Amino acid sequence: MAAASTMFSDCSPSSMTARLLPLRRIHIDSTLFRSSISSPPLPCRRTISSAFAARMSAETSAKVIDGKSIAKQIRDEINIEISRMKDATGVVPGLAVILVGSRKDSQTYVRNKKKACEAVGVTSHEVNLSEDCTEEEVLNSIAGFNNDPSIHGILVQLPLPRHIDEENILNSVSIEKDVDGFHPLNIGRLAMRGREPLFVPCTPKGCIELLHRSGVEIKGKKAVVIGRSNIVGMPAALLLQRENATVTIVHSYTKNPEEITRQADIVISAAGVANMVRGSWIKPGGVVIDVGINAVDDPESHRGYRLVGDVCYQEACTVASAITPVPGGVGPMTIAMLLSNTLSSAKRVLNLK
Ligand SMILES: *[C@@H]1O[C@H](CO)[C@@H](O)[C@H](O)[C@H]1NC(C)=O
Ligand SMILES: *[C@@H]1O[C@H](CO)[C@@H](O)[C@H](O)[C@H]1NC(C)=O
């Protein structure tokens with residue numbers, strides 16, 4: 001398997017001449033996909049003839065975990081629950097989104113969140129603040145929404161301009177409305193046994209939901225999380241541990257990441273490095289959840305780039321038993337989980353089960 005690097009065009013070093021620029025921000029928030037992707041995920045194909053493929057061809061190729069259709073199913077379920085809630089109580093869930101500045105990517109995410117809210121019956125309220133607004137102005141809008149009973153979830157679109165202290169801002173969101181799950185109290189509860197967070201961060205929650213809905217057992221399994229960001233890696237590891245997996249975190253200082261990852265029954269990769277995880281990193285029969293959304297140069301695409309995961313899909317899908325594609329895997333789950341968190345917040349307030 002070591003020789004694989006030149007055999008797979010999509011994973012070869014030349015295609016990785018890292019146009020990694022949108023990586024960090026896309027990585028934070030993958031909701032872009034709702035509008036941009038219309039085709040179903042690619043099947044797991046063995047397109048190459050090589051020693052590697054020959055060795056693997058005896059095995060069945062991985063089941064593709066279709067995040068797009070699972071996310072749609074979840075949105076449909078949410079839509080039905082909201083109609084019932086409206087009929088029974090006259091109340092619908094409300095989400096407030098605070099956008100600071102005019103980053104194009106953030107505007108796109110906010111627009112997509114708004115559309116997704118409308119489609120399931122959540123009312124959305126936006127506040128757009130200018131790039132040079134003060135921290136106090138942001139805190140004031142949050143305070144207003146904290147005190148507004150028609151708002152059940154508050155989301156501050158990240159990243160914030162540099163002069164605004166992200167920690168202060170996230171601390172000021174009422175934990176009862178912290179639908180992003182980034183408040184330190186919610187993260188702390190997630191980490192502690194016997195405590196329940198009110199909300200769990202959307203992307204890692206989406207990863208676990210994909211595993212559950214694909215019938216993957218987590219309890220007692222060895223899981224590896226690649227990456228330790230506050231937004232994905234760290235909470236994903238905590239969630240897997242709550243599911244009673246044995247969890248190892250692989251990060252930039254880990255020695256032998258390949259060997260450690262190969263022991264995992266379940267891999268969640270959130271490294272933000274295109275095609276870093278090769279087929280040889282995957283345990284035969286393992287399950288792969290790829291959170292990475294990385295742009296790589298692609299002259300054949302009309303945009304000049306295309307999006308790939310952290311995992312070299314063509315290689316991994318011949319080894320794994322199930323795998324998420326990029327795009328169309330974890331991406332669509334993030335907004336679905338945001339809607340789900342907003343709905344549960346409203347149910348909590350209304351005392352509904
Ligand atoms: C706020 O900005 C978003 C994203 O650019 C836009 O879709 C929305 O219409 C704006 N809302 C208001 C109230 O200006
Ligand atoms: C994990 O183990 C704890 C302790 O035995 C148990 O209470 C909990 O229900 C288990 N959770 C899952 C998801 O298996």
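In this chain, residues are counted from 1 in sequence order. In each ligand, atom 1 is the first atom listed, and ligand 1 is the first ligand listed. This one's a predicted model, so the numbers in the text were calculated from it and none came from an experiment.
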Kindly indicate, with the supporting measurements, whether the criterion side-chain contact (heavy atoms from CB on, under 4.5 Å) is fulfilled by Thr261 and Lys283.
-> CA-CA 8 Å; Thr261 305; Lys283 176 178 175 171; over 6 Å; no
Any N or O of Glu126 that comes nearer than 3.5 Å to an N or O of ligand 1?
-> yes
Heteroatom proximity flag, Lys114 to ligand 1, N/O under 3.5 Å = no
In the single-linkage hydrophobic clustering (I, L, V, M, F, W, Y; side-chain heavy atoms under 4.5 Å), do Met234 and Leu185 co-cluster?
-> yes
Which ligand 1 atoms, with their elements, are less than 4.0 angstrom from a heavy-atom of Asn128?
-> 1 (C), 2 (O), 3 (C), 8 (C), 10 (C), 11 (N), 12 (C), 14 (O)
Do Thr318 and Ser61 get their side chains close enough for a donor-acceptor pair, meaning under 3.5 Å?
-> no
Side-chain H-bond candidate by donor/acceptor type, Asp310 with Asn275, under 3.5 Å = no
Got more than 12 heavy atoms from elsewhere within 6.0 Å of NZ, Lys347?
-> yes
For [atom], what is the nearest protein heavy atom, given as residue, atom name and distance?
atom	answer
atom 13 (C) of ligand 2	Glu243 OE1, 3.9 Å
atom 5 (O) of ligand 1	Gln107 CG, 3.4 Å
atom 14 (O) of ligand 2	Asn244 ND2, 3.0 Å
atom 7 (O) of ligand 1	Arg111 CG, 3.9 Å

Distance flag for atom 2 (O) of ligand 2, protein heavy atom under 4.0 Å | yes
With a 4.0 Å cut-off, strictly under, does atom 11 (N) of ligand 2 pick up any protein heavy atom?
-> yes
Sub-4.0 Å atoms of ligand 2 with respect to non-hydrogen atoms of Lys219 = 14 (O)
With rounding to the nearest 0.5 Å, note down the distance linking CD1 in Ile266 to CD in Glu217.
-> 9.0 Å
How about Pro204 and Glu209: do any of their side-chain heavy atoms sit closer than 4.5 Å?
-> no
Residue part near ligand 2, for Arg193, under 4.0 Å between non-hydrogen atoms | side chain
Cation-pi check, Arg348 to Phe199: give yes when NZ or CZ is under 6.0 Å from the six-membered ring centre and within 45° of the ring axis, no otherwise.
-> yes
